2 protein chains.
Amino acid sequence: MGIKERKEKHKEDLRQRILDAAKELFLKDGYDATSIRKIAEKIEFSPTTIYLYYKDKADIMYALHQEGFILLGTQFAVLQHVHEPFERLKAMGRVYMSFALNNPDFYELMFIMKEPIEFVKAHCHGEEWEEGEQAFGALIMTVNHCKEVGYFTKFDTTAFALNIWSLMHGLCALKLQGHLDHMASTKTEIFAGDDWMEKTFSSFVQMLEGLK
Amino acid sequence: MGIKERKEKHKEDLRQRILDAAKELFLKDGYDATSIRKIAEKIEFSPTTIYLYYKDKADIMYALHQEGFILLGTQFAVLQHVHEPFERLKAMGRVYMSFALNNPDFYELMFIMKEPIEFVKAHCHGEEWEEGEQAFGALIMTVNHCKEVGYFTKFDTTAFALNIWSLMHGLCALKLQGHLDHMASTKTEIFAGDDWMEKTFSSFVQMLEGLK
DNA sequence: AAATATAATTAACACTGTTAATATTCCTAA
DNA sequence: TTAGGAATATTAACAGTGTTAATTATATTT
């Protein structure tokens, strides 16, 4: 039955081609401008064909959402080689920030938009979406390691990890949505100099260092 | 020329009626579901009439965005009566959190969505949008007052204020987009109990208290 | 009352996601 | 080899969206 396998492979191929086309459009023009019809045009198929391979637009975007988490996951994975826990924590912050700045569309899809997480809730009830949880798991672990070497000893691990994630996310989100730049350009007397993301992050690190 | 004035007033009235209809739909069904046609139907006018009073949809949403900032501003204004700076800072955090939870659609429009801030950039070049900046100004002032009574003395005021805003925004945004609840429901062993927003905020306050 | 300015409307454009019905292709069994 | 049936792809259509141009109705001024 080699023919059936080839059929299956062909089908899997087309599914991937749809995703690649979607990804290209998405990274170029963003979520809204990535329409089913444009994806179809890119792969030279009829728009409705796409619905034979993906449930709907949210399904396609969820697939990209997953790709994003895998990408962030691989960047986090490298940091497991940094043995000193606090150094690793700082490095994770830097990587998170870089990821957001270098992949703004992915970041938006992964952490800002509602659609993908609602798709998870609606269709992936149960075990799915390990990728996202893994990243948070890595943070929890690192905070615990930090506690072992004397940091944050008075704090609840989960609450502290949420603090860190909230701050990093808030900083990235405010930057990406243009709020930071807007403040810097209107409140010039207070926002002297530039790179306030870096300055804010440094200030946060300084804060954490005081908690040893 | 009393007639001309009445005409002007009538025109201003319709502008307000459009905004009220938009607000009602927006608070009920959110941004996307608030269409020009639905607004028009509500005020019993033709859809295109709306374009005689507002430039486009973003213009209407910017008006609501402003209303949101005025609402938050009034809630902040009350806190000026809290004299002890650190107490005031904590109260501001609580008010910010409550505002986000009680007015999720407003919060999204004000701090999460791109459209309104891009509308500001495109059309309100210059002096406009004091409301938003005022809220941040209040935070800067309070941080400075905290420094005067011995808090955060080693930190740059602007960077520290950005830290606080980032954390509060990140926490609210993660909550509103469903990320917090998702984590709590999948990582049950780590997220025992509930109200992790409150727990995270408490942890943050605990952190700030250590900086005296 | 006629001319003009203002206000509101209809019709249309160019899109969007999505579904039902139809056509085409391909593999299997007689 | 050919007929039947399943899988795949397409066309047509629905119900929307924001927005603009052209047209009509209303009110004001000359």
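All values derive from a computational prediction rather than experimental measurement. Below, chains carry the letters A, B, ... as their sequence lines are ordered, and counting in each starts from 1.
- Between the side chain of B:R37 and the base of D:dG16, no donor-acceptor pair under 3.5 Å is found.
- Looking at B:F111, B:F76, B:W165 one by one, the single match for ring-ring contact (aromatic ring centres under 6.0 Å, His included) with B:F136 turns out to be B:W165.
- Nearest-nucleotide positions on DNA chain C for B:I50 and A:I36 put B:I50 closer to the 5' end.
- Rounded to an integer number of Å, the gap from A:K57 NZ to D:dG16 P is 19 Å.
- Atom CG in B:D56 sits about 9 Å away from atom C1' in D:dG18, given to the nearest Å.
- Counted within 6.0 Å of CD on A:Q206, heavy atoms from surrounding residues, nucleotides or ligands total more than 12; the atom is thus considered enclosed.
- The shortest side-chain heavy-atom distance between A:D59 and A:Y53 does not fall under the 4.5 Å cut-off.
- One atom, CD1 of B:I43, and another, C1' of C:dA7, lie 13 Å apart when rounded to the nearest Å.
- Proximity of A:S35 to the phosphate of C:dT16: a side-chain N or O atom is located under 4.0 Å from OP1 or OP2.
- Within the 4.0 Å cut-off from OP1 or OP2 of D:dT10, at least one side-chain nitrogen or oxygen of A:T49 is found.
- Judged by the 6.0 Å distance and 45° axis criteria, B:R94 is not positioned over the aromatic ring of B:F201.
- Computed from coordinates, the A:F45 CZ to D:dT11 C1' distance equals 16 Å when rounded to whole Å.
- A:Y96 and A:Y107 form a side-chain donor-acceptor contact under 3.5 Å, judged by distance and modelled atom types alone.
- Across all strands shown, B:K38 has heavy atoms under 4.0 Å from sugar-phosphate atoms exclusively, and none from any base.
- Within the nucleic acid shown, B:Y51 comes within 4.0 Å of at least one base atom, counting heavy atoms only.
- Atom NZ in A:K55 sits about 10 Å away from atom C1' in C:dT18, given to the nearest Å.
- Atom C1' of nucleotide D:dG16 and atom CG of B:D32 are separated by 12 Å, given to the nearest angstrom.
- Of the candidate nucleotides D:dA9, D:dG18, C:dA11, D:dA9 has the atom lying nearest to any side-chain atom of A:L52.
- Listed pair A:S46 / D:dA9 fails the phosphate criterion, with no side-chain N or O lying under 4.0 Å from OP1 or OP2.
- Contact between the side-chain N/O atoms of A:Y53 and the OP1/OP2 oxygens of D:dA9 is found at a separation under 4.0 Å.
- A:L14 places its CG atom 10 Å from the P atom of D:dT8, with the value rounded to the nearest Å.
- Distance B:F119 CZ to D:dG18 C1': 15 Å, rounded to the nearest Å.
- Using a 4.0 Å cut-off, some side-chain N or O of A:K11 falls inside it from OP1 or OP2 of D:dT8.
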